[in-house]
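Side chains included, hydrogens not; waters and symmetry mates left out as well; all remaining heavy atoms used. The chain is numbered in sequence order, starting from 1.
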Amino acid sequence: MKNIIKRQYKRIAILSSALLMLSLSLSCSSDYLDADPTTAVSEESAYSSASNLMAIVNGMHRDMYYRQNSSQGQNGQGGIMIMMDALGEDLVFPSTGNGWYVSTVRWLDQINENGANDFYPFQFYYALIRNANLIIANGPTVPTTNAAEVATVKQAIAEAYAFRAFSYYMLVQIYGKRYVPNTTNSQLGVPIRLEANEVPLARNTVEEVYAQINSDIAEALSRLSSSRSTKSHFNDKVVLGLRARVALTQGNYALAATSAQQARAGFTLMDNATYVAGFNNLEGNGEWIWGATIIADQTDYFGNFGAYMSRNYNSTNIRQNPKAMNSKLYALFPNTDIRKKLVDPTGNHAGAAAAPPSPAIPAVSLPATYSKFPYTSQKFLSVSASDSRMDVPYMRAAEMYLIEAEAKARLGDEAGSKVVFNAFSINRNPAYTGATTTGAAYITEILNSRRIELWGEGFRFLDLKRLNQGLDRTGANHSAVVVNNVMTVANTDNRWEFLIPRAEINANPLIVQNPL
C-alpha cells in the first residue's frame with residue numbers, strides 16, 4: 001500500500017475555531033503532516049495539544065464529504081453511497097446522462113483492477129484508518145492541562161476507534177466475500193492495519209476483520225458518551241448503531257436488536273410533513289443520528305452528494321439523469337405511505353394536495369431544460385438550483401427500527417418484532433393497521449420497507465450481499481441500454497467482491513487478488 005499512499009493520499013483537517021488547515025499527506029515518511037505554516041501544522045504540533053489532535057478528527061469528518069483525487073464523483077462517503085445503490089435494483093438511472101456512475105450501474109467498476117472507482121473505496125477507507133491509527137498511537141501522550149483538554153483527547157481517541165471500525169466494516173463488505181453466520185468465515189477479507197507504517201500485509205480472513213471491527217466498537221463505546229459537538233461526529237448512539245449494523249450482518253440478531261434499540265433511544269421518527277421537506281436538516285431533524293452538513297464556504301458545487309442525488313440542483317447530471325425509484329418497489333406500497341409520495345410516477349413533480357392528516361407534497365420547480373422521467377424522486381432536495389449543498393444521511397433512527405424488527409423476527413420473536421415494525425410503519429403510513437403476514441413473508445415485508453425507506457442512502461448492494469440474494473432488475477423501469485443489459489446477477493457471481501486495486505497488488509507482494 002506504500003506506493004498508493006505516496007502517490008494518492010491527501011487529507012485536510014480543519015481546526016474548528018481558527019479554521020487552520022491541517023494537511024495530511026499519508027506517505028510512509030515523516031512528511032504526512034505538511035510543514036507550510038500558513039496552511040498546516042507540523043507533525044510535532046499535531047500532537048502537541050488536545051485541540052490539534054481533535055483537528056485531525058475534524059478533518060476526517062470533512063473527508064466524509066470532501067472531493068477525493070480531484071474527481072467530482074468521488075465525493076467522500078457520499079460517492080460510495082451512490083455506488084452501493086447504483087449497483088442495486090432500486091436506484092434507477094433513466095439515462096446515461098453525462099456518464100457519472102454509469103460504469104457502476106453496469107457492474108464494470110469492480111472488475112477493473114486499474115479503474116478509479118475500484119480503487120476509490122480502498123483508498124478512501126484506508127486513509128481514514130491510517131489517520132485513526134495515528135490518533136490512537138499518539139493521543140495518549142498529548143499533553144493536557146485541564147479537564148476539558150482531557151475530555152477532548154478522550155473524545156478524539158474514541159472517534160478514531162469508531163472511524164477504524166466503520167472503515168473496516170465498509171472495506172470487508174466491498175472487497176471480501178459475504179459474512180456467513182455460524183461458519184468459520186475463513187474466506188479472504190482485507191489486511192488489518194493497526195499501525196501507521198506501510199509494511200506489506202496479507203489479507204486477513206473475514207472472521208478476523210469482523211473481530212477487529214467489534215474490538216474497535218467496544219473500545220469506542222468505552223470512551224464515548226452522548227455528548228458531541230455536532231451530529232457529524234461520533235457519540236455512543238452512533239457507535240451503537242454501527243454495532244447494530246455489524247451484528248445484523250454477522251447474524252448476531254440478539255445483539256443487533258438490543259443495539260438498535262439503544263441507538264435510537266432519544267431520536268424520534270420524523271412526522272410526515274418533515275419527511276417531504278427534502279432530507280436537508282441534519283441538526284434540526286430529531287430522527288437523524290449521524291450525517292454531514294456542508295457549510296457554504298466548503299461547498300463543492302458539482303462534487304456534492306446533492307449534485308447527483310437531489311431533484312432540483314441545476315447540474316448536467318440532474319438535468320439529464322434524474323434519479324428514479326424501481327417501479328416494482330413503488331408498486332408494493334399504498335398511496336397513503338409518505339415514502340411513496342416522494343416519487344412522481346409522471347416525473348413532473350408538480351406537487352399535490354393531500355387529505356389530512358397527510359401533508360401536501362411540495363412542487364419542485366423544474367425548468368424546461370430538465371429531462372422528465374417516470375418515477376423520479378424528490379426525496380433529496382439541495383438548497384437551491386444554484387446550490388447543491390444538502391445534508392448527507394449516514395444513520396437515521398428509521399434504520400434502527402428496521403434492524404430491530406428484522407433481528408427479532410429472525411430470532412423467532414415475531415410478536416416483539418411487530419410491536420417495533422408496526423410503530424414505525426404507522427408513522428410512515430397513518431392508514432397502516434399492522435402487519436398481518438407471518439414467517440418468511442413477514443420478514444420480506446420488513447426488507448421491502450427497508451428498501452423504500454433507505455432508498456438512495458447507500459445500502460442496497462450491501463443488503464443484497466448480506467442476504468445472499470442475486471440482483472434482479474427485470475420487469476421494472478430500468479433501461480437495458482443504460483444498464484448494458486445487466487438485468488440479473490446470480491448470488492454466486494464473482495462480481496459481488498470488488499477486485500483488489502492493481503496499485504495495491506503492485507506495492508504489496510503479500511496481497512492476493514479476488515477471482516476474476
Side-chain angles (χ1 to χ4, degrees), residues 1 80 84 110 118 121-122 124-126 128-130 132-133 136 160-195 197-222 239-260 263 403 406-407 410-411 459 461-470 490-501 504-505 508-516:
M1 192 180 305
I80 295 171
M84 295 300 101
Q110 69 266 49
D118 181 63
F122 197 91
F124 177 69
Y125 292 118
Y126 271 114
L128 290 175
I129 287 166
R130 190 173 193 278
N133 288 340
I136 291 167
Y161 277 111
F163 258 123
R164 196 165 73 180
F166 171 73
S167 297
Y168 275 124
Y169 180 53
M170 294 300 296
L171 282 166
V172 74
Q173 290 180 100
I174 293 170
Y175 294 95
K177 289 188 179 296
R178 64 180 287 266
Y179 189 96
V180 183
N182 304 313
T183 69
T184 58
N185 286 288
S186 58
Q187 62 273 34
L188 291 179
V190 293
I192 298 175
R193 292 190 172 276
L194 303 181
E195 298 180 2
N197 62 48
E198 302 306 327
V199 298
L201 292 176
R203 294 172 68 180
N204 290 84
T205 67
V206 167
E207 191 69 55
E208 289 169 339
V209 177
Y210 275 90
Q212 184 61 51
I213 292 165
N214 284 308
S215 174
D216 284 344
I217 287 173
E219 287 288 348
L221 285 174
S222 72
V239 178
L240 285 166
L242 178 58
R243 188 171 72 180
R245 289 178 179 176
V246 173
L248 187 71
T249 303
Q250 291 188 278
N252 188 347
Y253 298 123
L255 182 62
T258 57
S259 298
I403 288 177
E406 180 185 345
R410 294 189 186 280
L411 285 169
F459 289 91
F461 175 79
L462 302 179
D463 276 347
L464 288 169
K465 189 168 180 176
R466 167 176 72 89
L467 297 165
N468 199 26
Q469 296 177 352
N491 63 333
T492 55
D493 196 290
N494 286 334
R495 288 174 291 177
W496 289 98
E497 293 82 53
F498 279 45
L499 293 180
I500 303 298
E504 170 65 6
I505 294 173
N508 183 353
L510 300 182
I511 210 76
V512 174
Q513 181 60 282
N514 285 324
L516 293 170

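- Between the side chain of Trp496 and the main chain of Ala490, a donor-acceptor pair closer than 3.5 Å is present.
- Using a 4.5 Å heavy-atom cutoff, the side chains of Tyr125 and Tyr168 are not in contact.
- With respect to Glu406 and Arg466, a salt bridge is recorded, a charged nitrogen being found less than 4.0 Å from a carboxylate O.
- Qualifying side-chain hydrogen bond (donor to acceptor under 3.5 Å, both in side chains) partners for Lys465, counting only residues two or more places apart in sequence or in other chains: none.
- Listed here is the closest heavy atom pair of Val239 and Ala162: CG2-CB, 3.9 Å.
- Within the structure, no pair that satisfies the salt bridge (Lys or Arg N to Asp or Glu O under 4.0 Å) test touches residues 248-259, not counting sequence neighbours.
- Not one N or O on the side chain of Arg193 forms a donor-acceptor pair closer than 3.5 Å with the backbone of Tyr126.
- Every side-chain hydrogen bond (donor to acceptor under 3.5 Å, both in side chains) that Asn468 has, sequence neighbours left out, goes to Asn491.
- Listed by first and then second residue, the salt bridge (Lys or Arg N to Asp or Glu O under 4.0 Å) pairs that reach into residues 208-222 are Arg164-Asp216, Glu219-Arg223, sequence neighbours excluded.
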Inset, instruction - Report the C-alpha distance between Leu171 and Ile129 in whole Å, list the side-chain angles of each, state the deciding distance to 0.1 Å, and finish with yes or no for side chain to side chain contact (heavy atoms under 4.5 Å, CB included). - result: CA-CA 11 Å; Leu171 282 166; Ile129 287 166; 3.6 Å; yes

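- How far CG of Asp463 is from CG of Leu248: 8.0 Å, rounded to the nearest 0.5 Å.
- Using cut-offs of 30° and 60° for the angle between ring planes, the Phe122 and Tyr175 rings count as perpendicular.
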Inset, instruction - Take Arg245 and Gln250, measure what side chain to side chain contact (heavy atoms under 4.5 Å, CB included) needs, and give me the verdict at the end. - result: CA-CA 9 Å; Arg245 289 178 179 176; Gln250 291 188 278; over 6 Å; no

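- Annotation: the span from Tyr161 atom OH to Ser215 atom OG amounts to 7.5 Å, rounded to 0.5 Å.
- When every heavy atom of Val512 is checked against every heavy atom of Arg203, the shortest pair comes out as O-NH1, 2.8 Å.
- Under the side-chain hydrogen bond (donor to acceptor under 3.5 Å, both in side chains) criterion, Thr258 pairs with no residue at all, not counting sequence neighbours.
- Partners of Ser186 under the side-chain contact (heavy atoms from CB on, under 4.5 Å) rule, at least two apart in sequence or in another chain, are Thr184.
- Every residue two or more places apart in sequence or in another chain was checked for a side-chain hydrogen bond (donor to acceptor under 3.5 Å, both in side chains) with Ser167, and none qualifies.
- Considering only residues two or more places apart in sequence or on other chains, Arg243 meets the salt bridge (Lys or Arg N to Asp or Glu O under 4.0 Å) condition with none of them.
- The main-chain N or O of Ala256 is never found under 3.5 Å from a side-chain atom of Ser259 such that the two would form a donor-acceptor pair.
- For the atom pair CG (Leu242) and CD1 (Ile217), the distance works out to 4.0 Å, reported to the nearest 0.5 Å.
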Inset, instruction - Check the pair Ile80 / Met170 against side chain to side chain contact (heavy atoms under 4.5 Å, CB included), numbers first and verdict last. - result: CA-CA 10 Å; Ile80 295 171; Met170 294 300 296; 4.3 Å; yes

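- Atom NZ in Lys177 sits 12.0 Å away from atom CG in Asn185 (nearest 0.5 Å).
- Thr249 places a side-chain heavy atom less than 4.5 Å from the side chain of Tyr169.
- In terms of heavy-atom proximity, Arg495 sits nearest to Gln110 at O-NE2, 3.2 Å.
- For Phe163, the ring pair (Phe, Tyr, Trp, His ring centres under 6.0 Å) partners are His61, Phe234, not counting sequence neighbours.
- Atom CD of Gln513 and atom CD1 of Ile505 lie 3.5 Å apart (nearest 0.5 Å).
- A 4.5 Å side-chain heavy-atom check between Ile511 and Pro191 finds at least one atom pair inside the cut-off.
- For Arg178, there are no salt bridge (Lys or Arg N to Asp or Glu O under 4.0 Å) partners at least two apart in sequence or on another chain.
- Applying the 6.0 Å contact sphere to CD of Glu195 captures no more than 12 heavy atoms from other residues, nucleotides or ligands.
- Atom CG in Asn252 sits 13.5 Å away from atom CZ in Arg410 (nearest 0.5 Å).
- In this structure Tyr210 satisfies the ring pair (Phe, Tyr, Trp, His ring centres under 6.0 Å) test together with Tyr179, sequence neighbours excluded.
- Residues Leu201 and Ile192 are not in side-chain contact: their nearest non-hydrogen atoms beyond the backbone lie 4.5 Å or more apart.
- Ala244 approaches Ala260 most closely through the heavy-atom pair CB-N, 3.6 Å.
- Residues satisfying the side-chain contact (heavy atoms from CB on, under 4.5 Å) test with Ala160, not counting sequence neighbours, are Ala132, Ile135, Ile136.
- Side-chain contact between Val206 and Val172: present, with at least one pair of heavy atoms (C-beta onward) separated by less than 4.5 Å.
- In this structure, Val190 and Asn204 have side chains that are not in contact, with every pair of non-hydrogen atoms separated by 4.5 Å or more.
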Inset, instruction - May I have the step-by-step check of side chain to side chain contact (heavy atoms under 4.5 Å, CB included) for Asn494 and Asn514, ending in yes or no? - result: CA-CA 8 Å; Asn494 286 334; Asn514 285 324; over 6 Å; no

